[in-house]
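Numbers restart at 1 for each chain; the letters A, B, ... are given by sequence-line order, proteins then strands. Source: prediction; values computed, not measured.
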Amino acid sequence: MKNRSGVKVLYVEDDASDADFARIALKDIGCENFKLDVIPDGEQAINFLTGNDGATTEPLPDMVLLDLNVPKVPGKDILKAMKSSDHLRTIPVVVLSTSKHQKDIDDSFHLGAAGYFTKPTDFEEYKETFRAICDYWVHKSQLPSKNPTIRI
Amino acid sequence: MDEKEVYKAVVDSSSDAIITKNLDGIVTSWNRAAERIFGYTAAEMIGRSITTLIPTDHLNEEPKIIARLKKGEMIDHYETIRQRKDGTLIEISLTVSPVKDKNGIIVGASKIARDIGKQKEYERKLIDQATELEQFAYVASHDLQEPLRKIALYIQMLESRIEARLDSESKRYIEKVVNSSRRMKRLIEDLLSYSRANKMEVKEEVDLNQTVKNVLGDLEAIIRETGAKISFEGLPKIRANAFQMHQLLQNLIGNAIKFHGMDSPVIDVSAYQDKNTWVISVKDNGIGVEPQYHEQIFKVFHRLHGQDTYPGTGIGLAVCKKILEHHGGKIWVNSSRGKGATFRFTLPVGNISEK
């Protein structure tokens with residue numbers, strides 16, 4: 001079982017303020033041990049995940065937070081690419097978007113997102129969202145599918 | 001002037017083209033307006049086929065017109081395209097009626113053609129402007145939301161960090177910023193729903209009894225707070241957009257609760273059928289609306305009360321009106337000051353089987 005500390009999270013987000021909110025929310029709820037890497041565009045995110053950026057020594061993230069509206073490669077395409085790749089498929093992806101449109105929500109889940117959150121306007125809600133993401137992660141990490149001996 | 005001369009004068013002075021033709025489509029008369037609109041003189045056209053005026057991609061219209069004439073039918077204000085002598089195309093509205101001889105046998109047709117180019121151009125301009133305005137409202141609302149969300153979040157974060165060190169006056173300022181940004185968020189959301197009101201599909205079967213139940217669930221907090229009593233009965237099933245019906249009833253019931261007087265709100269939602277129309281009423285015992293405001297309250301941003309007494313954005317009833325227009329219905333109010341208000345709206349009876 002994975003410990004709450006030392007979880008590596010990749011946040012694909014071009015908006016510096018949102019990256020800021022995420023860091024502060026994580027700190028405020030005591031999830032500081034989430035190691036948050038922020039990548040500001042879709043192309044860089046793909047390169048990072050596929051190891052095409054030359055930084056192949058960097059281990060893969062335990063989880064990806066994804067904004068749908070990011071430059072160069074849209075969030076949904078990143079999700080699609082991850083779910084069709086053998087070594088990225090098992091990384092849980094949680095979408096964090098301003099969009100409340102049912103289509104974006106449905107599309108994300110169809111493409112394999114593990115969760116969908118609308119970016120809150122209220123800071124308390126922001127913290128709640130991140131608390132839910134943290135809890136989800138702990139919960140998810142206990143699932144047998146994470147155990148390499150029970151591969152499907 | 002004898003009768004025939006009078007008719008000729010009327011035909012010649014008409015601003016619409018008046019043409020007659022036989023059942024082979026050969027032109028038999030051609031007035032001055034026809035000369036002006038199509039560019040051919042009477043001498044050029046009489047004896048020639050009417051198809052001279054029809055652009056090749058519209059040629060299939062003529063046999064259909066002739067077939068209908070032979071059955072004695074009239075073609076009323078049919079909008080189509082015709083070609084002038086110089087080759088340019090014009091938009092016209094056609095009214096074609098069969099002409100019978102003294103034995104009642106159809107021998108030809110009279111044709112009135114109106115040049116509707118200017119009218120069409122004007123309509124297109126209006127549609128363009130309306131579309132542009134809607135797009136503007138939509139984009140503006142979306143783009144306004146993001147910076148606002150950040151203002152709200154940063155000020156809340158700032159407050160939570162320095163709260164202990166703030167004097168009461170500074171706390172009040174922060175509270176003002178938080179409240180103002182909340183209010184602006186609501187304004188933008190309402191504006192957004194107003195600009196979207198005529199874009200939604202109307203095709204689901206909606207049971208308004210269920211809609212009211214859902215609305216009462218959403219309004220639970222304010223119902224408990226005000227002690228409101230809300231009854232509803234016998235509401236119809238209609239073909240509508242479910243989301244918008246929810247929005248409509250939430251606005252009306254929400255208003256009925258909000259604008260209460262000294263007594264707790266008592267609200268009744270009822271319906272009756274009048275021929276092909278459902279008339280649905282939301283009746284309250286609140287402060288009422290003075291008759292001189294009965295029209296104005298349905299306009300965007302029109303409010304009758306200060307923010308302090310009854311908060312709101314002034315968009316709710318405008319959204320209701322637009323939703324109903326989109327559904328082919330109407331909304332109005334019967335009320336006087338201090339005597340409660342009854343908001344009524346109509347919706348077409350859909351082809352939905354009653355259970």
Sorted by number, residues from residues 163-178 of chain B in contact with chain A (heavy atoms, under 4.5 Å): none
A:D20 atom CG: more than 12 heavy-atom contacts under 6.0 Å: yes
Segment of A:E125 engaging chain B (4.5 angstrom heavy-atom cut-off): neither
Exercise: identify the closest heavy-atom pair between A:P120 and B:R149: O-NH1, 3.4 Å
Heavy-atom closest contact (B:L153 atom, A:D122 atom, distance): CD2-C, 3.6 Å
Interchain contact, A:K127 with chain B, by part (heavy-atom threshold 4.5 Å): neither
Enclosure of A:H87 NE2 (heavy-atom neighbours >12, cutoff 6.0 Å): yes
Interface residues of residues 21-28 of chain A facing chain B - non-hydrogen atoms under 4.5 Å apart: A:F21, A:I24, A:D28
Value rounded to 0.5 Å, distance of OG1 in A:T98 from CD in B:Q145: 8.0 Å
Under 4.5 Å from a heavy atom of chain A, the part of B:E146 involved: side chain
Per-residue contact mode, A:Y126 against chain B (heavy atom under 4.5 angstrom): side chain
